[in-house]
Amino acid sequence: MVSLEELSAEYCPTANGMPMLGLGTWQNTDSEQCVESVATAIETGYRHVDTAQAYDNERAVGEGIAAADVDRDELFLATKVWKSNLAYDDVLETARDSLDRLGVDYVDLLYVHWPADAYDPEETLAAFDELYDEGLIRNVGVSNFEPEELEVAAGTLEAPIFANQIELHPMLSQDHIREACDNYDVEVVAYSPLARGAVFDRPEIQEIARKHDVSEVQVSLAWLREKGVTAIPKATGREHIEDNWKSLALELDREDLNTLDGIDATNRVVDPAFGPWN
Ligand code: NAP
């Protein structure tokens, strides 16, 4: 087993330049705590941070980045435009507001947070194209897109769709979306990769964790990595941040992977009425 000290930023695989293990920050809203979580993660080796306009912590995320001793261009920073801000002018204005709050000149990835509310493929994506052409966003992403929404977006956006961020863990394998993403050459980013804690209660995951003497969380994250999926677990304190980082050293064997692939469950933990699947 590789120790934490041996795990450096270089150890983290990348997908098209995006580090495949990132830090999620939803509900890390206490500013002081959020600054500390982000700085701790970067010092641990994380180079990918995920936030959103709706998380109300972009300023703290930016301060955490500034506090860590790593150059901006070594980091992959992603944020998302909230569903009420998806009209053309609002995308342009609020994306700039996000950059201001984050204290950066560009983000590496800007997502459409949900295909809902003010989302209009022509109008919304034209604004994303404009931000892309201006260099304010390095990549365009979508989030919570089912194959139907992905197809429309791929036919509308001029820039490539870089990633689709969706809920994904061993109890929600989302095969149909991963297949669609593959077809469109779109990276998959797993949100709620720990099923918000539910991975601890699944007997198959418990058994594999016992076998390798690791946490259930690490099993879920290693399974995602094996699938070529980027994961952004949210962790607040050092202990969780480090535990999740150690998943990079966990190699699951064929038997483990078969067991995890065989979990027959649809345990969706983020399910608002405006989700396109509802
Ligand atoms: P998650 O990452 O599956 O789970 C987070 C929970 O697990 C927190 O309660 C955290 O506790 C705990 N945890 C983390 N590491 C742990 C460890 N090693 N041992 C035990 N517990 C651990 O859930 P999530 O926050 O829903 O998803 C992750 C990120 O995805 C979000 O933060 C956000 O950035 C993104 N997201 C995006 C969308 C979207 O619509 N695009 C939706 C949901 C989430 P502590 O906080 O106490 O460490």
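Every number for a ligand or one of its atoms is a count from 1 in the order of the listing.
In summary, the atoms of ligand 1 found under 4.0 Å from a heavy atom of Trp114, numbered by their order in the structure, are 40 (O). Heavy-atom contacts of Val217 reach the following atoms of ligand 1: 17 (C), 18 (N), 19 (N) (cutoff under 4.0 Å). For ligand 1, the atoms closer than 4.0 angstrom to any heavy atom of Ala195 are 3 (O). Close approach of ligand 1 to His113 (heavy-atom distance below 4.0 Å) involves ligand atoms 39 (C), 40 (O), 41 (N). Listed by number with element, the atoms of ligand 1 under 4.0 Å from a non-hydrogen atom of Thr25 are 32 (O), 34 (O). In summary, the atoms of ligand 1 found under 4.0 Å from a heavy atom of Gln165, numbered by their order in the structure, are 35 (C), 36 (N), 37 (C), 38 (C), 39 (C), 41 (N). Atoms of ligand 1 lying under 4.0 Å from any heavy atom of Asn244, numbered from 1 in the order shown and given with element: 14 (C), 15 (N), 16 (C), 17 (C), 18 (N).
In terms of protein heavy atoms, atom 21 (N) of ligand 1 is closest to His240 CE1, 3.4 Å. The protein heavy-atom contact nearest to atom 30 (O) of ligand 1 is Tyr191 CB, 3.3 Å. At the shortest separation from atom 12 (C) of ligand 1 among protein heavy atoms lies Lys234 O, 4.1 Å. In terms of protein heavy-atom proximity, atom 29 (C) of ligand 1 is closest to Ile232 O, 3.2 Å. From the protein, the heavy atom lying nearest to atom 33 (C) of ligand 1 is Tyr55 OH, 3.3 Å. Regarding atom 31 (C) of ligand 1, its nearest protein heavy-atom neighbour is Trp26 CB, 3.5 Å.
Using a 4.0 Å cut-off between a side-chain N of Lys or Arg and a carboxylate O of Asp or Glu, Asp71 and Arg47 do not qualify as a salt bridge.
Both the backbone and the side chain of Pro193 come within 4.0 Å of ligand 1, counting heavy atoms alone. The residue Tyr111 has no part lying near ligand 1, judged by heavy-atom distances below 4.0 Å. If you look at Thr236 next to ligand 1, the close heavy atoms, those under 4.0 Å, come from the backbone and the side chain alike. Looking at Ser192 against ligand 1, both its backbone and its side chain come within 4.0 Å, counting heavy atoms.
For the 3.5 Å distance criterion, the side chains of Tyr191 and Lys234 fail to qualify, holding no donor opposite an acceptor. Of the N and O atoms on the side chains of Asn28 and Ser37, at least one donor lies less than 3.5 Å from an acceptor on the other residue.
Judged by the 6.0 Å and 45° rule, Arg72 forms a cation-pi pair with Tyr106.
Under the side-chain hydrogen bond (donor to acceptor under 3.5 Å, both in side chains) rule, Trp223 has a single partner from Asp256, Asp261, Thr259, which is Asp261.
Using a 4.0 Å heavy-atom cutoff, Ser215 is absent from the residues neighbouring ligand 1.
Residues Ala60 and Val35 approach most closely at O-CG2, 3.5 Å, considering heavy atoms.
Annotation: Tyr119 is not in aromatic contact with Trp114 [ring centroid separation under 6.0 Å not met].
Open room surrounds CD on Glu151; 12 or fewer heavy atoms of other groups in view lie less than 6.0 Å from it. For Glu148, the CD atom counts as densely surrounded, since its 6.0 Å shell holds more than 12 non-hydrogen atoms of other residues, nucleotides or ligands. Other residues, nucleotides and ligands place more than 12 heavy atoms under 6.0 Å from the CG atom of Asp73.
Residues meeting the side chain to side chain contact (heavy atoms under 4.5 Å, CB included) test with Asp243, sequence neighbours left out: Ser215, Val217, Gln218.
Looking at Lys80 next to ligand 1, no N or O pair under 3.5 Å apart turns up. Ligand 1 has an N or O atom lying under 3.5 Å from an N or O atom of Leu194, backbone or side chain.
His212 contributes no side-chain N or O that, together with a main-chain N or O of Val214, makes up a donor-acceptor pair within less than 3.5 Å.
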